[in-house]
Amino acid sequence: MEGLKVSDANLVVYILPSKANRIPQALRGELSSLLFKFNEEFDGVVLVYDILAQSKNGKILPGLTPYFGVNVRAKLLLFSPKPDMLLEGKVMKLRKESIHVIVLGFSYATIAEEDIRGEFRYKIKHGEEVFGSTSHKRHVIKVGSMIRFLTKSFDEEILHISGSLIPANTGSIGWLDKHMRESSEVDRTNKKNREREAHGSRLINEATISLDNEYPPKKSKRSKMVE
Amino acid sequence: MGLELASYGTEYYDEMADVGFSDSEVVSYVRDALKSVAEGDTDRYNQLIGVMHYTEGLAADEVALLVTSLKALSGVVSHVDINLHDALLSSIFGMSMWNYGPDVMDALVELIKSLAVSNGGFVDSCLDMLVRNFMPPKSFIGFLRQPWGCARKNEVLNRVHSALSDIAYLVPLAPLRLLPIILKRMPTMFDNEALLVMYVESMLRLEGSAIGEFIGSTMLMAVVDRLVDLDVEIGWDEIIQEDSSKGIFHMELEDVEETADYVGKGGSEFSRGTLSGLNFGGNVVSDKLDNLMVLTCQHLESCYDEGRLTKVFDTLLHSFRITILSAYKSKFAQFVMFYACSLDPGSCAVKFANLLSDLFLCETQPPLTRMSAAAYLGSYLARAKFLSTSLIAYMLKRLVGWCYNYIQIHGGEVKSISPQAHRIFYSGCQVVMYVLCFRMSSMVDVPPLKSQLFQMPLEQILHHPLDPLKVSLPSIVKEFLRQAKSARLFTVSENFFFSDLLESDSSKAFGGRERLDMFFPFDPCLLKNCDRFIRPNFVYWSMVRTTYDDEASSEEEDDNDVLLEDAGARSFDEHDIDLDEFEYSMNKMSITPRMSSKHGLTGGGLQASMRMPAKIRPSTSPESL
């Protein structure tokens, strides 16, 4: 699945003095407040973070509130789907007008009727609503299937993806993988190698850009749940 | 001309009302209506909006038209543009499900769900619309008391809640977006009572639902906040009557007579507007608080039935810590905690006691918090029927231990008693004495606890130069000494006179501006509706067996009559007491029946006093013995 990347980040996390004796916990708390939200600086939704190292000393921020900043090096797993990327998700609801998919458990996608290629027809099979392919009998999309679809757009605020099943390489993953494997295997291997190289170089580029982020000091009024 | 005008407005209706159209044709008609807006052709679009504005008194065909339109829209949500079709969207989101029958409700809910999942931009508005439907429009409130109004309420709320969970199923982050919307729309304490109660009902229902896993704790805390808001509005001066001269442990004669007037035919109902003869100036506020507390208690009960009370209790405890405890002398909101503890005496009740005692003992807490915690602890240990005597003994041990350490540190250099300076110590001592007034007898009955009690360095503490006996509330001290004497806990100087002053200057001094010396948070709850949750687990002073009762002679036999007369006229709470309680205490008695503490209205001498009233009264003059 595309859209996932791992980044190294150099951050400065500002912590209240009251937490000075529990730094690791405070760091985790601050970084946890980033989760599942789109972050512009990282250009993605933070899914997982891993604190690799932290500085021994922290610099006190001058001003009214005596936050002190701890330098942290962390690895972040980011989700940032861009248009024309292929994503995978599970079908939760299926209607004639739309298919609703959940991606990675926290993001949701909608594929509207006009974005489903003509090959698929809505029908009711054994009392269940499905989209069945007219050219390949076994290619069926129903509630619970994992499907691969193309990204049209991504709403960063609510993490909603508008998807499309127009391209030929989209549809039920189970069927696609099997079908693709059976047909031109050589072609696929070549294509995969090329993709992997491109993907790998993308990762390396990101890793060399150390994101030096200055965090705006978080106010002490944190959500009660985080406590 | 006229004909033209007439037909202009009905093109949409004619099209839609024609039964000959199939579903897909209707859908494409609506789709075209939406699409044509971009091209500037808004006729059909405007008529569609007009349909959305149908409200009361709909004829059958109008209903059918509305349902068809809504269903058709559900099919074409992907064509609804947030900007172009702004007018349509606002009319849809402005609709109140309470105005319609089930058919329209279903179609509307489907549409809202489809809108929410089709486009991220609609999610907030859809959730907002559903939350707004927690409450009926103001015009509907009057109908709620009628059976059809009630039925409508269930129809609406069931659909709203299932819509919320359906949306959460498809949009994983929906609960996160829902939370601020709910908090923003929550009625304030000034709003209509029916609306407030209904909204809180929905909040608590959400807490118990699947979504509750994410937002439940915040819901609960918001509800407790509202309880405290209302609580604070009820003034203490509305509760306390100024004309009394009795002490804490006295029964108010006036009360009995007053309440006699108000006792209804059943002997157990009070007329609205009075509480045990008291007059709440802010009557409406107390009713609101009462009803909300009933809701909360019912919810806690269902949490217990579902086995989730422990988790909910942690939230409740946290909420108590930051709101109720820090509120200035909260009056009734804390009974929610009391009830929650009573549901689970094994763990929740202990957690609560631990929190309070930890707070009191923690040297880094501000003094007011510590004194407040002490007051809560004392009242809780005294009044909670479900607490085991061994737990109470353990808590007392902690308190006494701390007091003992205190006097070691502040040895003999006390030149003059400055109650203000040692207020935490004094409040601790007062708490110990107060709890022992209630529990000494039961502790003395159990040999291991008795020896624990006797081993506590009470005498040293109480006879220390800091002189807590003089500084604490006189009535408490008096009662305590009396019981201590009977139990032969320690020697009491015979010359230790006490007037029946409820308070003394010294106690006022240590109590401070907040009068924490006179703060007994778990005194009988005066809110009549939620009282039924509290009563079975509550220790009334009249139920308490004191150490001197055991020694009492048989002179109380003739007061039987007084008791019976009394029982009828007395406030309903004392009378309806679990006759089980009475039985129990009767059986516990070795020699004399329990009469001695049930009457006392006319008896003189020692029997005249020793009863916990329904409220605290400041005294203005001493009563001579």
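In this text, all values refer to a predicted model and were calculated from it rather than measured experimentally.
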Gap between atom [atom2] of [Y] and atom [atom1] of [X] - 0.5 Å precision:
X: A:His160; Y: B:Leu173; atom1: NE2; atom2: CG; answer: 12.0 Å
X: A:His100; Y: B:Tyr169; atom1: NE2; atom2: OH; answer: 12.0 Å
X: B:Asn119; Y: A:Thr110; atom1: CG; atom2: OG1; answer: 8.0 Å
X: B:His79; Y: A:Glu114; atom1: NE2; atom2: CD; answer: 4.5 Å
X: A:Tyr108; Y: B:Leu170; atom1: OH; atom2: CG; answer: 9.5 Å

Query raised in the report: Is it the side chain or the backbone of B:Val171 that comes within 4.5 Å of chain A heavy atoms, both, or neither?
Result: both
Query - Contacting region of B:Val77 [heavy-atom separation from chain A under 4.5 Å] - result: side chain
Report task. Below 4.5 Å from any heavy atom of chain B, which atoms of A:Ser107 appear? Answer side chain, backbone, both or neither. Result -> backbone
Query - A:Glu157 bridged to B:Arg177 by N-O distance under 4.0 Å - result: yes
Query - Winner by heavy-atom pair count (cut-off under 4.5 Å) against chain A, out of B:Ser114, B:Gly120, B:Ser78 - result: B:Gly120
Query raised in the report: For B:Pro172 and A:Ile102, which heavy atoms make the closest approach, and how far apart are they?
Result: CG-CD1, 3.6 Å
Query raised in the report: Quick check: are there more than 12 heavy atoms from other residues, nucleotides or ligands sitting under 6.0 Å from CZ of A:Arg117?
Result: yes
